[in-house]
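Below is one structure; the comments refer to it alone.
Lettering of chains follows the sequences in order, A, B, ..., and the numbering in each one begins at 1. All figures in this text were calculated on a predicted structure; none of them were measured in a lab.
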Number of protein chains: 2
Amino acid sequence: MTTILFAAGRRLWAEYEVPLRTALDATGLDYHLTCEAAPETVDYVIYAPGSRLQDFTPYTRLKAVLNLWAGVEKITGNPTLTVPLARMVDAEGLTQGMVEYVTGHVLRHHLGMDAYITNTAREWRPVVPPLAGERPVTILGLGTLGLACAEALRALGFPVTGWSRSVKTIPGITTLHGPDGLAGALRSAEILVLLLPDTAATNDLLDAKTLAQLPRGAVIVNPGRGPLIDDAALIDALDSGQIAHATLDVFRTEPLPAEHPFWAHPKVTVTPHIASETRVPSASRVIAENIRRGEAGEPLLHLVDRDAGY
Amino acid sequence: MTTILFAAGRRLWAEYEVPLRTALDATGLDYHLTCEAAPETVDYVIYAPGSRLQDFTPYTRLKAVLNLWAGVEKITGNPTLTVPLARMVDAEGLTQGMVEYVTGHVLRHHLGMDAYITNTAREWRPVVPPLAGERPVTILGLGTLGLACAEALRALGFPVTGWSRSVKTIPGITTLHGPDGLAGALRSAEILVLLLPDTAATNDLLDAKTLAQLPRGAVIVNPGRGPLIDDAALIDALDSGQIAHATLDVFRTEPLPAEHPFWAHPKVTVTPHIASETRVPSASRVIAENIRRGEAGEPLLHLVDRDAGY
């Protein structure tokens, strides 16, 4: 009997219980899924960053912690969590949702839609935008999400440059890596998409210096992590015209405080962390598959590298 | 010597002369490209709907008329034009531009972007949209443009239904045809894209009756032809909530008159006929290829069916 503790809160339990049982039943495992269990009986914990469970010390039999979300920055620093930690990589939900958000907002900026949507001019002034082939896009971060977005944008005809910490080779995409590659990735980016994890190395990656390396009038789309951007430097760059627009889905503090200047800035679009969200049925299948793997002695999927922080 | 008359006006001559010569040189033909020639010496006419040349009677040697644009509705009724007429099908320009416009505006409506772009609420209220797989899109018209858009939307995950006059089979796309298939194509369309030609059969295709066949709250994107829509019926359907929004790129009268109610309607986005435009270098190659074919006795590309009107 495999005991699985759902420690992601009562609200999510209501959403996840049935889909998780369906997915676990399909694995053929003999399991006990519960949201209350004596710590020393628990084999797996299904987790969310805001969980009340913070001290893993009494979970002496614990084999792995399976996070329901992609972001693990609030968990990796927990010194009591010493077993393997898996993040959520939900191709149907997280990845597809992110591809839709990024493709949609890149096309929005590429086509100059906002002027027509707000329709303040009310005049017929045809300005045909360039084709995608003339609009270089750079994606910072080539993990699962960045890669999927890069490929969707390339399929639509955009010349895509991708930048990552370590060397990657992706057919049809210009790849650059490491600190030395960053300036080159920024230099050509008429539209810049941030899909990096939040780590010590990526904090304030977009600051006054790197914002100045973008071509004048570049647009920024950030559905990655709030701390990637130095907010004050971005506002300066927007005010000076160096950056034409920023579409931001993630922030250092969420919900974005009412007094934050992003809300009222005419060159900022705020979306409330909706770019990508775990979808219950597909996420439940990912969790069940990892528990099956754990019980079969197979390596878990989507393990977090605790040193890198993602 | 093949004589080619450029009869599409002085402004376009300035744009096209050099690219056309480049493209014609590449064919190896012995040609004379001019914008003034005695009618009886002309082998091919390069044409645009607004051209001053309306009487083709004196063009006794004429082999074909090559239109610079995709739309030919202002030409097909000309009784003096009896030689083959080719429309422009410019994959790099018209088709790619249309795919970008349609994909962009479908994603915009799918993701509910406008509320964030206009940002009137300034409040954090996360509403995660459904995935593309849960958002059925119907495209009316499966010509070159409709087909390319259908495939791009399908690749992004949308369930796509396509409707055309005659039977078509396209992998991965639900196809319906003819008057009997129209109601079914409309019934499921949360987003409806109009890419039909302007013919007697398509005039007012979207009227009070067909608008009522769409699901309540459907969105309409029309980058096809203005007369496809009964304007007054659309405004009624927007006002009643039957149609949530209309994004219109083409109109019965262009430029759209300042007093037309579309300009000020809060549920209408007007774009000034920018969805798709012939691009000079690629269009020049299409024209040159058709002249090469004509001189080699090969069938011309993109011939207009004069009876169908497109």
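- Interface summary for chain B: among A:L156, A:V270, A:V268, the most heavy-atom pairs under 4.5 angstrom belong to A:L156.
- If you measure heavy-atom distances from A:V106 to chain B, you find no contacts under 4.5 Å at all.
- For A:A132, the parts lying near chain B are the backbone and the side chain together; criterion is any non-hydrogen pair under 4.5 Å.
- Between A:P129 and B:I274 the shortest heavy-atom distance is CD-O, 4.3 Å.
- Interface remark: A:A155 contributes no atoms to any contact with chain B (heavy atom separation under 4.5 Å).
- If you tally non-hydrogen atom pairs under 4.5 Å between each of B:A258, B:A264, B:G133 and chain A, the highest count goes to B:A264.
- Here A:L131 is the residue among A:L131, A:L256, A:V128, A:I117 with the most heavy-atom pairs under 4.5 Å with chain B.
- With a 4.5 angstrom heavy-atom cutoff, A:V99 touches chain B only via side-chain atoms.
- Only the side chain of B:F251 comes within less than 4.5 Å of a heavy atom of chain A; its backbone N, CA, C and O stay farther away.
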What would the table of donor-acceptor pairs between chain A and chain B look like if you include every N and O pair under 3.5 Å, whether backbone or side chain?
| from | atom 1 | to | atom 2 | distance (Å) |
| --- | --- | --- | --- | --- |
| A:Q96 | NE2 | B:L156 | O | 2.7 |
| A:E100 | OE1 | B:H110 | NE2 | 2.7 |
| A:E100 | OE1 | B:A132 | N | 3.2 |
| A:E100 | OE2 | B:A132 | N | 2.7 |
| A:H110 | NE2 | B:E100 | OE1 | 2.7 |
| A:N119 | ND2 | B:W263 | O | 2.6 |
| A:P129 | O | B:R279 | NH1 | 3.0 |
| A:A132 | N | B:E100 | OE1 | 3.3 |
| A:A132 | N | B:E100 | OE2 | 2.7 |
| A:L156 | O | B:Q96 | NE2 | 2.7 |
| A:W263 | O | B:N119 | ND2 | 2.6 |
| A:R279 | NH1 | B:P129 | O | 3.1 |

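- In plain terms, the two heavy atoms of A:P126 and B:P272 that are nearest each other are CB-O, 3.5 Å.
- Heavy-atom distances place no part of B:A275 under 4.5 Å from chain A, backbone and side chain included.
- No other option in B:G157, B:G104, B:P255 has as many heavy-atom pairs under 4.5 Å with chain A as B:P255.
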